[in-house]
Structure formats: structure tokens, C-alpha cells
Amino acid sequence: MKPDLKKLDDLIAELGRYQATLVAVSKTKPVESVQMVYDHGQRHFGENYVQELVTKKEALPHAINWHFIGHLQSNKVKVIAPFVHLIHGIDSVSLLQEVSKQAVKFNRDIPVLLQVHIASEETKFGLSPHEALQAARQFFLQPLPGILLYGLMGMASFTEDENIIRKEFKTLKNVFDTLLNESGNNSDFKTLSMGMSSDYKIALDEGSNMIRIGSAIFGSRK
């Protein structure tokens with residue numbers, strides 16, 4: 001199935017009204033499809049698996065900004081540390097410390113988002129809102145070397161009940177706003193990544209400025 005480039009154009013126009021960034025989620029999609037979307041002008045792509053990300057990074061243009069949006073194991077940080085554009089899923093302080101260690105090793109600053117658990121499902125990863133507040137406040141006081149704390153990421157429950165989804169996004173936005181007000185000299189803190197193909201419109205209404213869209217562009221995964 002070829003990517004829906006008309007849908008991509010529509011998404012970019014829609015997100016432009018909110019000044020939001022589109023991350024095209026290309027996991028499990030062939031290199032040829034990613035190349036087509038890149039040739040159409042898209043530069044931000046998201047991957048969930050380290051090895052797939054590395055393989056695509058080597059096969060595709062260097063100008064792509066690769067976002068790691070999956071659950072990241074500490075022992076895999078070193079693999080993506082040399083090139084990753086943004087790590088969305090920092091779900092523990094120990095993982096943040098490991099990213100800092102690898103960033104120093106590779107002599108670069110790595111942008112990250114703290115992942116906040118806002119959904120009802122137990123299977124989703126992330127810090128609790130309280131833990132996220134604590135971790136960010138500690139970082140503002142004592143920044144870790146090699147880390148650029150760009151903001152927060154979260155995923156709403158997988159449900160058709162829009163009231164639940166909206167409530168969860170509001171929770172994340174409240175945490176984000178609190179930290180934004182406290183960020184002080186940490187001028188990097190400005191990204192709120194929430195919303196996917198099924199719920200991005202609600203996310204935009206609730207203040208998201210980065211959306212992760214896969215199936216709407218590339219088609220449903222088999």
C-alpha cells in the first residue's frame with residue numbers, strides 16, 4: 001500500500017493552524033514508503049524499535065530527523081545516541097541518567113521528553129504525573145550533562161469514549177503548564193507530544209504541539 005500523500009498534505013495544513021509538528025510514524029513500513037513521504041517534504045519520522053530504526057537510518061537520507069517513540073531499554077541507548085533527534089519515551093530517572101551518560105560519551109546533546117502515564121491501561125509505560133513533576137523539577141535545579149529536556153509525552157487510553165481521552169489529555173496539559181511556568185532558564189522546555197491517528201484532533205484541542213501519526217499516512221499495519 002502506497003502512502004496517502006493527500007492525507008499527509010491535509011494533516012500538515014491542519015497542524016499548521018495549531019503550530020504543531022507532525023511526526024510520521026513509520027514503524028514496520030518499508031523503506032520505499034518512507035522515501036516517498038520524505039520526497040513529499042516530510043522530515044520528522046518516528047520508530048518504535050531500535051534495530052529497525054538503525055536499518056532505516058542507514059538506508060534513507062541523512063536529513064531525516066529520527067524520533068524514537070517506543071519503550072527504550074537502557075542497554076539500547078548507546079545504539080541510537082549518536083544520531084537520534086528526539087527520544088519521546090523517558091519513563092524513568094535511571095533511563096534519563098543512561099541517556100546522559102551516552103550523550104557525554106558521544107559528545108552531543110540529546111533532546112528528550114518525559115513520558116507521563118495518563119491512560120487507564122496498566123500496560124502503558126511512563127512516570128506518574130507526580131513523578132514527572134519531581135523529575136523535571138530536579139532537572140531544572142541540576143541539569144544532567146548532555147540532556148536537553150524538551151517537554152512531555154503521553155498516550156491516552158485506547159477507547160472510543162472521547163470524554164475519557166479528553167480528560168487524560170487535560171491531565172497531561174496541566175502537568176506541562178505547571179512545569180512550563182517553573183522551567184525558568186530551561187528555555188528548551190516547550191514540547192507537548194500527545195495525539196495519534198485516532199485521537200489527534202482531541203489532542204490538538206487540548207494543547208498538543210507534536211502529533212504522532214502512522215496509519216492515517218501509511219495505512220493500517222498488518
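If you're wondering where the values come from, they're calculated on a predicted model, not measured in any experiment.
- No donor-acceptor distance shorter than 3.5 angstrom exists from the side chain of Lys170 to the backbone of Ile165, with no hydrogens or angles considered.
- With respect to Lys27 and Glu52, no salt bridge is recorded, no charged nitrogen being found less than 4.0 Å from a carboxylate O.
- Checked by atom type and distance alone, the side chain of Ser128 pairs as donor or acceptor with a backbone atom of Glu131 at under 3.5 Å.
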> Could you go step by step and tell me if Glu14 and Lys201 meet the salt bridge (Lys or Arg N to Asp or Glu O under 4.0 Å) rule?
Replying inline: CA-CA 9 Å; Glu14 184 176 7; Lys201 290 179 182 290; 2.8 Å; yes
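- The aromatic rings of His44 and His67 sit perpendicular, their planes meeting at an angle over 60°, well past the 30° parallel limit.
- Not a single donor-acceptor pair under 3.5 Å links the side chain of Glu98 to the backbone N or O of Leu95.
- Taking OG of Ser100 as the start and CD of Gln102 as the end, the distance is 9.5 Å to the nearest 0.5 Å.
- No cation-pi contact links Lys56 to Phe45, judged by a cut-off of 6.0 Å to the six-membered ring centre and 45° from its axis.
- When atom types are taken as modelled, the side chain of Thr55 and the backbone of Gln51 share a donor-acceptor pair closer than 3.5 angstrom.
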> Where do Leu148 and Ile110 land on the side-chain contact (heavy atoms from CB on, under 4.5 Å) test, with the steps shown first?
Replying inline: CA-CA 6 Å; Leu148 300 176; Ile110 299 178; over 6 Å; no
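- Checking Asp205, Ile213, Leu22 one by one against Tyr200, the side chain to side chain contact (heavy atoms under 4.5 Å, CB included) holds for a single residue, Ile213.
- Considering all non-hydrogen atoms of both residues, Thr191 and Phe176 come closest at O-CE1, 3.4 Å.
- Within the 3.5 Å criterion, the main-chain N or O of Phe125 finds a donor-acceptor partner in the side chain of Gln115.
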> When you look at Leu149 and Asp188, which way does the side-chain contact (heavy atoms from CB on, under 4.5 Å) test go after all the steps?
Replying inline: CA-CA 6 Å; Leu149 182 56; Asp188 298 313; over 6 Å; no
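- Between the side chain of Ser208 and the main chain of Leu192, a donor-acceptor pair closer than 3.5 Å is present.
- Note that the OG atom of Ser193 and the CD1 atom of Ile69 stand 8.0 Å from one another [nearest 0.5 Å].
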> side-chain contact (heavy atoms from CB on, under 4.5 Å) between Met155 and Met196: does it pass, once the steps are laid out?
Replying inline: CA-CA 8 Å; Met155 292 180 283; Met196 300 186 287; 4.2 Å; yes
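- Between the CE atom of Met36 and the CG atom of Leu5 there is a distance of 5.0 Å, given to the nearest 0.5 Å.
- One finds no salt bridge joining Glu32 and Lys2 here, because no Lys/Arg side-chain nitrogen approaches an Asp/Glu carboxylate oxygen to under 4.0 Å.
- With hydrogens and angles left out, the side-chain atoms of His40 and Asp9 include a donor and acceptor closer than 3.5 Å.
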> Please walk me through it: do Ser92 and Ser94 pass side chain to side chain donor-acceptor pair (under 3.5 Å)?
Replying inline: CA-CA 5 Å; Ser92 69; Ser94 60; 3.1 Å; yes
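- A heavy-atom distance below 4.5 Å is not found between the side chains of Asn209 and Tyr18.
- Side-chain N or O atoms of Asp4 include one that pairs as donor or acceptor with a backbone N or O of Lys7 at under 3.5 Å.
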> Checking side-chain contact (heavy atoms from CB on, under 4.5 Å) for the pair Arg137/Thr178: CA distance, chi angles, key distance, verdict?
Replying inline: CA-CA 10 Å; Arg137 285 166 173 161; Thr178 298; 3.7 Å; yes
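- Within a 6.0 Å sphere centred on CD of Glu162, heavy atoms belonging to other residues, nucleotides or ligands number 12 at most.
- Between atom CD of residue Glu168 and atom CD of residue Glu206 there is a gap of 11.5 Å, rounded to the nearest 0.5 Å.
- For Arg43 (side chain) and Tyr38 (main-chain N/O), a donor-acceptor pair under 3.5 Å exists by modelled atom type.
- Within 6.0 Å of the CG atom in Asn181, the count of heavy atoms belonging to other residues, nucleotides or ligands exceeds 12.
- If you look at Phe140 and Phe189, their ring centroids are closer than 6.0 Å.
- Distance alone, capped at 3.5 Å, places no donor-acceptor pair between the Gln35 side chain and the Leu60 backbone.
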